[in-house]
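Note sheet for the following structure.
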Amino acid sequence: MMDPGRILRFGLRPRRIRLWAGTVFCILSSLATGCVAPMPVHDRFAACDPGVPREQNRVSLSTYRVMPPDVLQIEAVYNIRGETMRLRSGDQILVRLLNGLPLDFGDESTTGGNLLAIYTKAPELAAKIVNGPYIIQADGTVDLGAVYGKVAVAGLTVAEAKAAIAKQLHDRSGLRDPKLSVTLADIAGRQVIGGQHLVRPDGTVSLGIYGSVHVAGMTLQQIRETLEMHLSQFLRDPWVSVDVLAYNSQVYYIVLDGGGNGEQVVRLPCTGNETVLDAIAQLNGLPQVSSKRIWIARPNPVFGGKTEILAVNWQSMTADGNAATNYQLLPFDRVYVQADNLVATDNYLAKWIAPVNRILGVTLLGGSTVSELRPFQHSFSGSSGAGGQ
């Protein structure tokens, strides 16, 4: 077993400790300075390109195409039920029978043509009068009274319901050619098309009882035409207005270098008018660990194409008011904010020195413990020698 005194002498030798610590510090310093992310060097000439849109020379983006998870504002200006819509329970129809009474019943000499007189002089014939609104009951029928009975009309169009009622009148009263009128009391659609509609992950928007329509990848004009074509199955000559309420699909990113402690990514919607200064303003300024080295990494629209790098002069853009590098942000741009070199170096050194410091601390603690225990060891050895004599 190794002598504790030898461990103590090795652990407390200052020259060796200083030499070891200095060597480790030099190695880690060189490693840390090499870990600071430099600005990409390719496409540096893009910063001087006058065609790149800037604060004072902004451009309009291409025609917007809707994608999930955008939010659309859809309003149906005309919401009139079509003639092919099927009747359902709860609908109200107006039924008018023009020749339901005998021809001489309304003679001026007997009744004066007064409807009230008809009810007074012949109440049994008044039951044959069909004139008014009728609600389609839960069983799908309309009740025309004791004389004509019930007629099943649910699931029929208005024209088909008129034919069914005319057949019922003919069978019950013998009318050869009943002059009948059947119309809807409420011609408005069963559901109001209006409000906010989220574009779902499958690229469709829900129109309630009218089903779903695929709109992903379409312009607003194409969406309007598609919705009107779809709603024409249920409404008569629908007229729809469409607008984007929330631009959620086209975004840009701000990447904040943490100086060796990770990177923070902020995702913000791109409305087509933001510049670099607007993006940093969304973060309430640069973080404390950040430097003033900022650039934009603009992906090439062609897969595998070369990335465009736009260097930003923060000092000139802010303090001097020079808008030359305050570039307009396009969808899917990456605004990269590099960390301060000293902060990054300090963080890297802290990561590497912390375990070394812990090892040295354990070594010194062990040496000091052995040093404190040595008097007790000599005392114990002296006591044993005296007892042996």
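We number each residue from 1, following the sequence as shown.
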- Task: Evaluate side-chain contact (heavy atoms from CB on, under 4.5 Å) for Val255 paired with Gln264, printing each intermediate quantity in order.
- Result: CA-CA 6 Å; Val255 184; Gln264 180 184 0; over 6 Å; no
For [Y], is there any backbone N or O sitting under 3.5 Å from a side-chain donor or acceptor partner on [X]?
X      : Y      : result
Arg224 : Gln221 : no
His230 : Tyr210 : yes
Asp320 : Asn322 : no
Ser290 : Gln338 : no
Gln92  : Tyr134 : no
Glu228 : Glu225 : no
Asp70  : Ser249 : yes
His197 : Val71  : no
Asn347 : Val343 : yes
Glu75  : Gln73  : no

Using a 4.5 Å cut-off on heavy atoms from C-beta on, say whether the side chain of [Y] contacts that of [X].
X      : Y      : value
Ile294 : Leu286 : yes
Ile74  : Val240 : yes
Pro331 : Val251 : no
Ile254 : Leu283 : yes
Leu329 : Val335 : yes
Arg200 : Ser206 : yes
Ile280 : Val337 : yes
Val158 : Val182 : yes

- Query: Is there a chain of hydrophobic side chains (I, L, V, M, F, W, Y, each step under 4.5 Å between heavy atoms) that links Leu207 to Leu198?
  - Reply: no
- Item | Lys/Arg N to Asp/Glu carboxylate O, Asp143 vs Lys150, below 4.0 Å | no
- Query: CD of Gln288: more than 12 outside heavy atoms within 6.0 angstrom?
  - Reply: no
- If you count the non-hydrogen atoms of other residues, nucleotides and ligands that lie under 6.0 Å from CZ in Arg334, is the total more than 12? yes
- Any ring-ring contact (aromatic ring centres under 6.0 Å, His included) involving residues 238-288? Give me the pairs, sequence neighbours left out, ordered by first then second residue. Tyr64-Tyr247, Tyr78-Trp239
- Task: Starting from the C-alpha separation in whole Å, work towards a yes-or-no answer on side-chain contact (heavy atoms from CB on, under 4.5 Å) for Asp333 and Leu310.
- Result: CA-CA 10 Å; Asp333 277 353; Leu310 304 174; 6.0 Å; no
- Taking all non-hydrogen atoms of both residues into account, name the closest pair between Gly140 and Ser89 and its distance.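 Shortest heavy-atom separation between Gly140 and Ser89 comes out as N-OG, 3.9 Å.
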- By side chain to side chain contact (heavy atoms under 4.5 Å, CB included) - contacts of Met218 (at least two apart): Gln222, Ile223, Thr226
- Message: Going by salt bridge (charged side-chain N to carboxylate O under 4.0 Å, His left out), name the residues that satisfy it together with Arg86, two or more places apart in sequence or in a different chain.
- Response: Glu160
